[in-house]
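Since the model is a prediction, treat every value here as computed from it, not as a measurement. Here, residue 1 is the first one in the sequence, and each next residue gets the next number.
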Amino acid sequence: MEYGIICLLPPIIAIILALKTKQTLPSLFIAVWVGATIIKGWNPIAGFAAIISDYMIPSIASEYNAGLLVLVTMAGGFAYMLKITGAAESFALLVTKTINTQKKGQIITSLSAFIFCYTEPCLILGTIMRPITDKVKVSRAKLAYILDSLGCNLASFSPISSYGPFIAGLIATELAAAGMEANEWGLYIQMFPFNIYSLFAMIAVFLVAVFGFNIGSMYNEEKRSAETGEVLPEGLEPLVPEEDVVFPENYTLHLTNFIVPMAALFITIFATIFITGDIGANGVRGAFINGNITLAITMGFLIGSIAAGIVGTATKLFSVTAGFNGFIQGMTNLISVPFILIMAWSMGSVTSTMGVGAYLANVVQNYLTGGLVPAIVFLFGAAISFATGSSWGVWSIMMPIAFPMAIAFDLPLAYVIGAVISGGMFGDQCSPISDTTVLSSTGASCNHILHVSTQLPYGLTIGASAFIAYLFGGLTHLYYPSIAVMAVLVVVLLTAETKLTRAKYGDNK
């Protein structure tokens, strides 16, 4: 059935309600209900029943989604075990002896993301670095921004993550359809410098950290946090509830409390990847490409939690029963996140059924002419990704459109592929209904809507610069110089926006 422009109604409702009410789960539920009602012939009762039968349950049935739900739940248990054993606290006490300013805290957090380049660092990095950034008064909104910008964007450059093989697979499909014998991995690597949104979204994180480019409402978050130590605004709850842990008076925190569970985490992750990826037959790189990353991280969280429990009981911090109950408590604390993810996936199913991607892609095809191809592909890819909360879905839709157009207009394939990947990343990072946005809020223990609203000015700045850069590259055929154009635009815009923000709030520094 053709829904036309009405197909945009559910995602628009979800986004407006989420930003207006600051309540993610009810907003998604209502939007899915509206979409299901339309699909069921405008019958609200049938639509309400379909929320569970047609969308929530099938979204859980997906192997990848089910695995992610278990991963997120285990992450809650692991994070809580690090908390009650003082693991993160002991690491923070050591690190903050030298990492003792907001700037240093942001830089070390950003650099640490590259340790987790084989997967998205949103959850793991947030769990480890949150006590450190709290101590040096980095706001939770800034931490969530760092996690989000260095999460999926970094993964899109990693051939040993789930992102790399997926992108290479899409490229291989289009090469076969075009009868070309080029190597898909070669094209994937060539795409790197032209994935300019992702590239400069990551570079911007370091610019923001070093030069203090706090724009929009992020300025208030960082200012309040620096002056008062309150990393979240009063009355605004984080996505995951927090509890203070009080250690016995005679108990001394040791770095062992941190090293043992973290060693268990990493050893388990890599061992699982090497086993499931058959390192003997495929080698190290092949093991990462073929290994089960989701299983590896889930097992890492579980074994890491067990190791933390052993440390806690061995040092007489708590009993075996208390340690087990702590792990369960941590999973319970995170219960809202799986439901938000389920509703986000349900929204994706609704938009897919209503043909949001096909509708917007059809609009794109009408304007794909010559030098406008990269910019239009990027822009509409971002629109689809923002509306659906999915970058992978956008790549699957846009790659079959953009690839033949690049061949027809004799444009560099790597450049157009970069525009496709960048568009998906831009919309996904800015969308409040994206699972990676939710995971970043979770990892930072930040209020979800606060994260979305404070990150948006940065996303729009990088996104607008990327659109202009792709427009410049497509029209002039100066593809590598368009990267320089992007760099200039990002620096100039961030500098100007910072000055305007400070002037607005009476800060003349």
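Pairs engaging residues 398-419 under the side chain to side chain donor-acceptor pair (under 3.5 Å) rule: Y415-S482 [sequence neighbours left out]. The list of salt bridge (charged side-chain N to carboxylate O under 4.0 Å, His left out) pairs with a residue in residues 461-482, not counting sequence neighbours, is empty.
Rounding to the nearest 0.5 Å places CG of L147 at 9.5 Å from SG of C446. Rounded to the nearest 0.5 angstrom, M191 CE and I167 CD1 are separated by 5.0 Å. In this structure, OG in S465 is found 5.0 Å from CE in M486, a value given to the nearest 0.5 Å. Atom CE of M74 and atom CG of L302 lie 4.5 Å apart (nearest 0.5 Å). Between L8 atom CG and I384 atom CD1 the span is 10.0 Å, to the nearest 0.5 Å. Remark: S385 OG to F380 CZ distance equals 14.5 Å, nearest 0.5 Å.
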>> Walk me through whether N214 and T498 qualify under side-chain contact (heavy atoms from CB on, under 4.5 Å).
In response: CA-CA 6 Å; N214 295 316; T498 300; 6.0 Å; no
>> For a side-chain contact (heavy atoms from CB on, under 4.5 Å) check, start with the C-alpha distance between L232 and L450, then their side-chain angles and the critical distance, and finish with the verdict.
In response: CA-CA 9 Å; L232 272 173; L450 177 66; 3.8 Å; yes
>> Between I342 and Y55, is the side-chain contact (heavy atoms from CB on, under 4.5 Å) condition met? List the steps.
In response: CA-CA 9 Å; I342 290 169; Y55 300 107; over 6 Å; no
> Is there a side-chain contact (heavy atoms from CB on, under 4.5 Å) between M398 and I421 once you walk through the steps?
Replying inline: CA-CA 9 Å; M398 295 303 297; I421 304 305; over 6 Å; no
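For the residue pair Q429 and T436, no side-chain donor N or O sits within less than 3.5 Å of a side-chain acceptor on the partner.
Y145 is linked by a ring pair (Phe, Tyr, Trp, His ring centres under 6.0 Å) to Y458, counting only residues two or more places apart in sequence or in another chain. Residues forming a side-chain hydrogen bond (donor to acceptor under 3.5 Å, both in side chains) with S391 (at least two apart in sequence, or on another chain): none. Shown here are the side-chain contact (heavy atoms from CB on, under 4.5 Å) partners of I275, two or more places apart in sequence or in another chain: there are none. Every residue meeting the side-chain contact (heavy atoms from CB on, under 4.5 Å) condition with L25, not counting sequence neighbours, appears here in chain and number order: F339, I340, M343. F29 meets the ring pair (Phe, Tyr, Trp, His ring centres under 6.0 Å) test with F48; sequence neighbours excluded. Residues passing the ring pair (Phe, Tyr, Trp, His ring centres under 6.0 Å) test with F301 are F78, sequence neighbours excluded. Partners of Q190 according to the side-chain contact (heavy atoms from CB on, under 4.5 Å) rule, which considers only residues two or more places apart in sequence or in another chain, are L187, A414. For E174, the salt bridge (Lys or Arg N to Asp or Glu O under 4.0 Å) test picks out no residue, with sequence neighbours left out. With sequence neighbours excluded, the residues satisfying side-chain contact (heavy atoms from CB on, under 4.5 Å) with I468 are L489. Every ring pair (Phe, Tyr, Trp, His ring centres under 6.0 Å) that Y197 has, sequence neighbours left out, goes to F426.
Shown here for A287 and N282, the closest heavy-atom pair between the two residues is N-CB, 4.0 Å. Minimum heavy-atom separation, I51 to W33: CD1-CB, 3.6 Å. Annotation for G473 and Y479: closest pair O-CE2, 3.3 Å, computed over non-hydrogen atoms. Across all their heavy atoms, N195 and S422 have their closest contact at OD1-OG, 2.8 Å. What you find for M425 and S198 is that their closest heavy atoms are CG-OG, 3.0 Å.
Aromatic ring orientation, H448 versus H451: tilted (interplanar angle from 30° to 60°). Below 30°, between 30° and 60°, or above 60°: for W185 and Y188 the angle between ring planes is above 60°, a perpendicular geometry.
Atom CD1 of I52 has 12 or fewer neighbouring heavy atoms from other residues, nucleotides or ligands inside a 6.0 Å radius.
Counting heavy atoms from C-beta on, the side chains of L471 and F378 never come closer than 4.5 Å. Here the side chains of W345 and I60 are not in contact, with every heavy-atom distance at 4.5 Å or above. In this structure, the side chains of Y470 and I376 stay at 4.5 Å or more apart for every pair of heavy atoms. The closest side-chain heavy-atom distance from F194 to I417 is not below 4.5 Å. Contact check for T173 versus M399: no side-chain heavy atoms found under the 4.5 Å cut-off. In this structure, the side chains of V284 and I279 come closer than 4.5 Å at one or more pairs of heavy atoms.
Checking side-chain atoms of R130 against main-chain N and O of G443 turns up a donor-acceptor pair under 3.5 Å. Side chain of T437 to main chain of I433: no donor-acceptor pair is present (N/O by atom type, distance under 3.5 Å, no hydrogens or angles).
For the side-chain contact (heavy atoms from CB on, under 4.5 Å) with I146, the lone residue among Q106, Q455, M129, M202 that qualifies is Q106.
In summary, the aromatic rings of F192 and F157 are positioned with their centroids under 6.0 Å apart.
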